[in-house]
Amino acid sequence: CIAFKGRNSGKKVQSVRIMRATLELLHHATGENPIQAVINAIAHCGPREDCTRVGKGGSAKRQAVDVSSMRRVNYALFQMCLAARKKAIRTVFTYAECLADEIL
(Lines give C-alpha, C1' and ligand atoms only; values in the text may rest on other atoms or scores of the structure.)
Protein backbone atom coordinates (compact mmCIF):
# COMPACT_ATOMS: atom_id res chain seq x y z
CA CYS A 1 0.00 0.00 0.00
CA ILE A 2 2.92 2.35 0.59
CA ALA A 3 4.47 1.96 -2.87
CA PHE A 4 1.31 2.16 -4.97
CA LYS A 5 0.16 5.77 -5.20
CA GLY A 6 1.62 8.90 -6.75
CA ARG A 7 5.31 9.57 -6.63
CA ASN A 8 5.99 6.47 -4.51
CA SER A 9 4.67 4.06 -7.15
CA GLY A 10 7.06 1.21 -7.90
CA LYS A 11 9.64 2.16 -5.27
CA LYS A 12 9.98 -0.96 -3.19
CA VAL A 13 13.23 0.01 -1.48
CA GLN A 14 11.75 3.31 -0.35
CA SER A 15 8.66 1.58 1.05
CA VAL A 16 10.84 -0.93 2.92
CA ARG A 17 12.83 1.97 4.39
CA ILE A 18 9.61 3.71 5.48
CA MET A 19 8.31 0.53 7.12
CA ARG A 20 11.62 -0.08 8.91
CA ALA A 21 11.58 3.47 10.31
CA THR A 22 7.94 3.00 11.34
CA LEU A 23 8.75 -0.21 13.21
CA GLU A 24 11.66 1.47 15.00
CA LEU A 25 9.42 4.37 16.04
CA LEU A 26 6.81 1.91 17.32
CA HIS A 27 9.43 0.05 19.34
CA HIS A 28 10.70 3.25 20.95
CA ALA A 29 7.19 4.51 21.66
CA THR A 30 5.69 1.36 23.15
CA GLY A 31 8.64 -0.79 24.21
CA GLU A 32 6.90 -3.92 22.93
CA ASN A 33 7.17 -5.94 19.75
CA PRO A 34 6.38 -3.56 16.84
CA ILE A 35 5.13 -6.40 14.61
CA GLN A 36 2.50 -7.25 17.23
CA ALA A 37 1.44 -3.59 17.36
CA VAL A 38 0.95 -3.60 13.58
CA ILE A 39 -1.05 -6.86 13.75
CA ASN A 40 -3.29 -5.45 16.50
CA ALA A 41 -3.87 -2.26 14.53
CA ILE A 42 -4.85 -4.22 11.41
CA ALA A 43 -7.17 -6.47 13.43
CA HIS A 44 -9.00 -3.54 15.01
CA CYS A 45 -9.10 -1.31 11.91
CA GLY A 46 -10.88 -3.49 9.35
CA PRO A 47 -14.63 -3.29 8.72
CA ARG A 48 -16.81 -6.18 9.90
CA GLU A 49 -19.73 -5.57 7.57
CA ASP A 50 -20.39 -3.66 4.38
CA CYS A 51 -23.37 -2.95 2.18
CA THR A 52 -24.01 -3.98 -1.40
CA ARG A 53 -26.66 -3.22 -3.99
CA VAL A 54 -29.36 -5.82 -4.47
CA GLY A 55 -32.16 -5.40 -7.00
CA LYS A 56 -33.71 -6.18 -10.35
CA GLY A 57 -34.17 -3.85 -13.25
CA GLY A 58 -34.03 -0.18 -12.31
CA SER A 59 -34.79 -0.51 -8.62
CA ALA A 60 -32.02 -1.35 -6.17
CA LYS A 61 -31.66 -1.22 -2.43
CA ARG A 62 -28.68 -1.50 -0.12
CA GLN A 63 -28.24 -4.79 1.71
CA ALA A 64 -25.89 -5.38 4.67
CA VAL A 65 -23.37 -8.18 4.12
CA ASP A 66 -20.43 -9.60 6.07
CA VAL A 67 -16.90 -8.80 4.91
CA SER A 68 -14.42 -11.60 4.22
CA SER A 69 -11.32 -11.71 6.39
CA MET A 70 -8.93 -11.10 3.49
CA ARG A 71 -10.84 -8.00 2.41
CA ARG A 72 -10.80 -6.75 6.03
CA VAL A 73 -7.01 -6.99 6.15
CA ASN A 74 -6.54 -5.39 2.73
CA TYR A 75 -8.96 -2.57 3.49
CA ALA A 76 -7.35 -1.91 6.88
CA LEU A 77 -3.88 -1.64 5.31
CA PHE A 78 -5.23 0.64 2.59
CA GLN A 79 -6.97 2.95 5.05
CA MET A 80 -3.96 3.23 7.38
CA CYS A 81 -1.60 4.04 4.51
CA LEU A 82 -4.07 6.50 2.98
CA ALA A 83 -4.50 8.36 6.27
CA ALA A 84 -0.73 8.49 6.86
CA ARG A 85 -0.11 9.71 3.30
CA LYS A 86 -2.67 12.49 3.63
CA LYS A 87 -1.36 13.49 7.05
CA ALA A 88 2.25 13.68 5.83
CA ILE A 89 1.47 16.13 3.01
CA ARG A 90 2.72 19.68 3.71
CA THR A 91 3.78 18.96 7.30
CA VAL A 92 7.10 18.63 9.08
CA PHE A 93 6.34 14.99 9.93
CA THR A 94 7.73 12.19 7.78
CA TYR A 95 5.65 9.44 6.25
CA ALA A 96 7.08 6.96 8.78
CA GLU A 97 6.11 9.17 11.73
CA CYS A 98 2.57 9.59 10.42
CA LEU A 99 2.23 5.85 9.78
CA ALA A 100 3.46 5.04 13.29
CA ASP A 101 0.94 7.52 14.68
CA GLU A 102 -1.86 5.82 12.72
CA ILE A 103 -0.82 2.39 14.01
CA LEU A 104 -0.76 3.60 17.62
Colleague: Among residues at least two apart in sequence or on other chains, which ones pass salt bridge (Lys or Arg N to Asp or Glu O under 4.0 Å) with R62?
Modeller: none

Colleague: Starting at OG1 of T22, measure out to CD of E24 and round the result to the nearest 0.5 Å.
Modeller: 9.5 Å

Colleague: Do you know which two heavy atoms are closest between I42 and A76, and how far apart they sit?
Modeller: O-CB, 3.7 Å

Colleague: Is it true that L99 and F93 fall in one hydrophobic cluster, defined by side-chain heavy atoms closer than 4.5 Å?
Modeller: no

Colleague: Enter the distance from N74:CG to Q79:CD here, rounded to the nearest 0.5 Å.
Modeller: 12.0 Å

Colleague: Taking atom CZ of R20 and atom OG of S15, what is their separation to the nearest 0.5 Å?
Modeller: 11.0 Å

Colleague: Find the distance between OH (Y95) and CD (Q14) and round it off to the nearest 0.5 Å.
Modeller: 9.5 Å

Colleague: For the CZ atom of R17 and the NZ atom of K12, what is their distance to the nearest 0.5 Å?
Modeller: 13.5 Å

Colleague: Quick one, K87 and E102 - any side-chain contact, counting heavy atoms below 4.5 Å?
Modeller: yes

Colleague: Could you pull out the closest heavy-atom pair between C98 and A84, with the gap in Å?
Modeller: CB-O, 3.7 Å

Colleague: Does a side-chain heavy-atom distance below 4.5 Å link L82 with F78?
Modeller: yes

Colleague: Enumerate, atom names and distances included, each donor-acceptor pair closer than 3.5 Å involving a side-chain atom of residues 29-38, sequence neighbours excluded.
Modeller:
{"unit_1": "T30", "atom_1": "OG1", "unit_2": "L26", "atom_2": "O", "d": "2.7"}
{"unit_1": "T30", "atom_1": "OG1", "unit_2": "E32", "atom_2": "N", "d": "3.4"}
{"unit_1": "N33", "atom_1": "OD1", "unit_2": "I35", "atom_2": "N", "d": "3.3"}
{"unit_1": "Q36", "atom_1": "NE2", "unit_2": "N40", "atom_2": "OD1", "d": "3.1"}

Colleague: Same cluster or not: L77 versus I39, using hydrophobic residues (I, L, V, M, F, W, Y) connected whenever any side-chain heavy atoms lie under 4.5 Å apart?
Modeller: yes

Colleague: Would I103 and L23 show up in the same hydrophobic cluster when neighbours are defined by side-chain heavy atoms closer than 4.5 Å?
Modeller: yes

